[in-house]
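Atoms within each ligand, like the ligands themselves, are counted from 1 in listed order.
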Amino acid sequence: MPSASQNLYALLPQIGELLERESIRALERRYSRAAVIEAARTVVAEVRREIASEDCDEDFVRFRIGHLEDAVQSRLEEDMRPSLRRVLNATGVLLHTGLGRAPLSPAAIQHIAEVAAGYCNLELDLSTGERGRRDDHAEKLLLRVLAIKSSQPAEDLMARYAAVVVNNCAAATMLVLNSLAESGEVIVSRGELVEIGGGFRVPEIMAKSGATLREVGTTNRTRLSDYERAVGPNTRLILRVHQSNFRMEGFVERPDLQALSAMAAARGIPLFEDQGTGCLLDLSDYGATPEPTLAQSLRAEVSVVAASGDKLLGGPQCGLLVFERRFAEAIRANPLLRAFRVDKLTYAALESTLRSYLLGQESQLPLVAMLAATAEQIRARCEALAGRIENSGLRVEVVQVESVIGGGTSPGALLPSFGIALTHPSQSADQLSRRLRAGSAPVLARVTDDRLILDLRTIAPEDDTTLESALRELASHE
Ligand SMILES: *Cc1c(COP(=O)(O)O)cnc(C)c1O
């Protein structure tokens with residue numbers, strides 16, 4: 001084969017010659033000359049490697065050499081495409097960490113755009129002209145919303161609690177443990193030493209915070225008396241962790257939040273709840289199993305509570321930390337707060353999200369719209385879409401499915417829904433799934449029993465036409 005290879009190398013153009021070709025020079029007007037040179041070199045080097053690897057036959061190599069100009073163009077398009085792209089979520093998982101959790105409301109998006117385009121009063125009090133705190137933008141609003149949701153006078157709640165915003169719930173938890181329990185002990189039930197999606201492990205956060213974990217009870221049962229016996233001179237906090245992503249059944253017991261809070265108060269130990277979901281909604285309004293809410297935490301008078309902004313709250317990624325004012329100095333003066341702080345875009349999105357709750361306009365949050373969509377409405381959209389792609393070459397069927405709320409809600413938090421099941425005469429569901437992900441509008445779906453299932457609950461109705469185009473693109477491909 002060496003002589004054949006030698007001949008093939010001779011067919012490759014010089015880079016300089018390739019760059020002079022009309023179609024390549026046209027690319028320089030869209031991309032930079034440097035980018036075009038880089039792409040041409042990469043593409044030619046690829047073909048060289050193909051010639052060297054003897055498993056490419058001569059016809060293939062000649063074909064590649066004949067299409068170098070197209071290859072340079074494709075390479076540039078691929079390199080210049082943003083890495084972070086919009087995808088359509090047809091998985092039926094409303095809060096999908098891999099897909100960025102909660103989509104934001106139009107009001108939040110507009111607020112982000114306004115704040116991002118120019119300067120803003122992030123740390124400036126406009127009435128005095130003096131330096132302000134960035135948390136002022138969220139603190140009062142959050143406490144007002146919590147007051148409404150927990151049916152308490154706002155003044156009372158504000159007199160008792162303060163709040164800060166950090167990067168996520170994991171950061172909020174770290175900040176509390178480090179600010180209030182460094183070098184001391186934190187009592188936790190063995191049933192709550194959990195790992196939450198994305199590698200959040202309670203014992204590891206605890207170790208990094210400098211606090212010592214004091215485990216009580218057993219995996220399935222922890223009683224109030226277990227906590228009481230563990231309280232000692234070094235106890236700084238009792239930690240309660242929402243058992244978000246799993247469910248224990250059978251011979252299980254743990255004190256309810258109210259009882260734990262009363263016991264902690266009687267012993268003079270603050271109760272810190274890692275609430276997780278940030279839920280302010282009554283999920284039973286949407287036909288799902290209710291989840292513990294932030295309002296319940298405040299009614300139980302926990303001393304400190306941490307939650308995510310982008311789970312059931314339906315806002316941007318952030319961690320909300322509400323704490324009794326006696327801890328304000330310890331938390332605000334901790335350099336970790338500086339390290340965990342969020343930017344102006346997060347405050348803009350959070351403020352608009354909270355304002356939707358304050359105005360009773362939760363339905364403007366995409367998460368709430370997805371929860372509220374009825375199975376019948378989703379079925380009608382599935383049928384319309386199925387009708388439009390019926391003759392495309394894909395076999396289409398409308399099927400009953402169950403959407404999953406996800407994002408730290410109990411695994412039983414399901415909603416009846418409808419979806420489109422796709423099969424192809426010559427391609428497996430996995431192949432369809434891969435191609436749908438790689439399309440110009442990437443779509444994520446699930447594969448069940450060798451069928452590709454697209455749950456329309458997690459697709460906004462205004463995106464149905466985009467989904468239709470993606471399915472046509474899928475069908476048109478042989
Ligand atoms: C999701 C969750 C976390 C982690 O939240 P992030 O905002 O992703 O850091 C921590 N604790 C509980 C109980 C959770 O549900």
Exercise for the section: Identify the heavy atoms of His137 and Glu351 that sit nearest to each other, and give their distance. Expected result: O-CG, 3.8 Å
Handout entry: Cys169 N/O under 3.5 Å from ligand 1 N/O
Key = yes
Practice task
State whether the shortest distance between N or O atoms of Cys318 and N or O atoms of ligand 1 falls below 3.5 angstrom.
Solution key: no
Problem - Sub-4.0 Å heavy-atom contact, Gln317 with ligand 1 - result: no
Exercise for the section: Look at ligand 1 and say whether Met174 reaches it with a heavy atom at a distance under 4.0 Å. Expected result: no
Problem - Glu228 bridged to Arg223 by N-O distance under 4.0 Å - result: no
Exercise for the section: Number the atoms of ligand 1 from 1 as they appear, then name those within less than 4.0 Å of a heavy atom of Asn168, with their elements. Expected result: 6 (P), 7 (O), 9 (O)
Exercise for the section: State the atoms of ligand 1, each with its element, that fall below the 4.0 Å cut-off from a heavy-atom position in His242. Expected result: 13 (C)
Practice task
Would you check if there is a donor-acceptor pair between the side chains of Arg435 and Gln427 at a distance under 3.5 Å?
Solution key: yes
Exercise for the section: Give a yes or no on whether the backbone of Ile389 and the side-chain of Glu468 come within a donor-acceptor separation of less than 3.5 Å. Expected result: no
Practice task
Please determine, by modelled atom types, if Glu182 and Ser209 share a side-chain donor-acceptor pair under 3.5 angstrom.
Solution key: no
Practice task
Flag Lys311 as yes when one of its N or O atoms lies below 3.5 Å from any N or O atom of ligand 1, and as no otherwise.
Solution key: yes
Practice task
Kindly confirm or rule out an N or O of Arg101 lying under 3.5 angstrom from an N or O of ligand 1.
Solution key: yes
Exercise for the section: Heavy-atom contacts with Ser308 under 4.0 Å: which atoms of ligand 1 show up? List them by number with element. Expected result: 5 (O), 6 (P), 7 (O)
Exercise for the section: Any atoms of ligand 1 less than 4.0 Å from a non-hydrogen atom of Phe200? List them with their elements. Expected result: 10 (C), 11 (N)
Handout entry: Backbone of Ser428 reached by a side-chain donor or acceptor of Gln431 within 3.5 Å
Key = yes
Problem - Residue pair Glu273 / Ser297, side-chain donor-acceptor N/O under 3.5 Å - result: yes
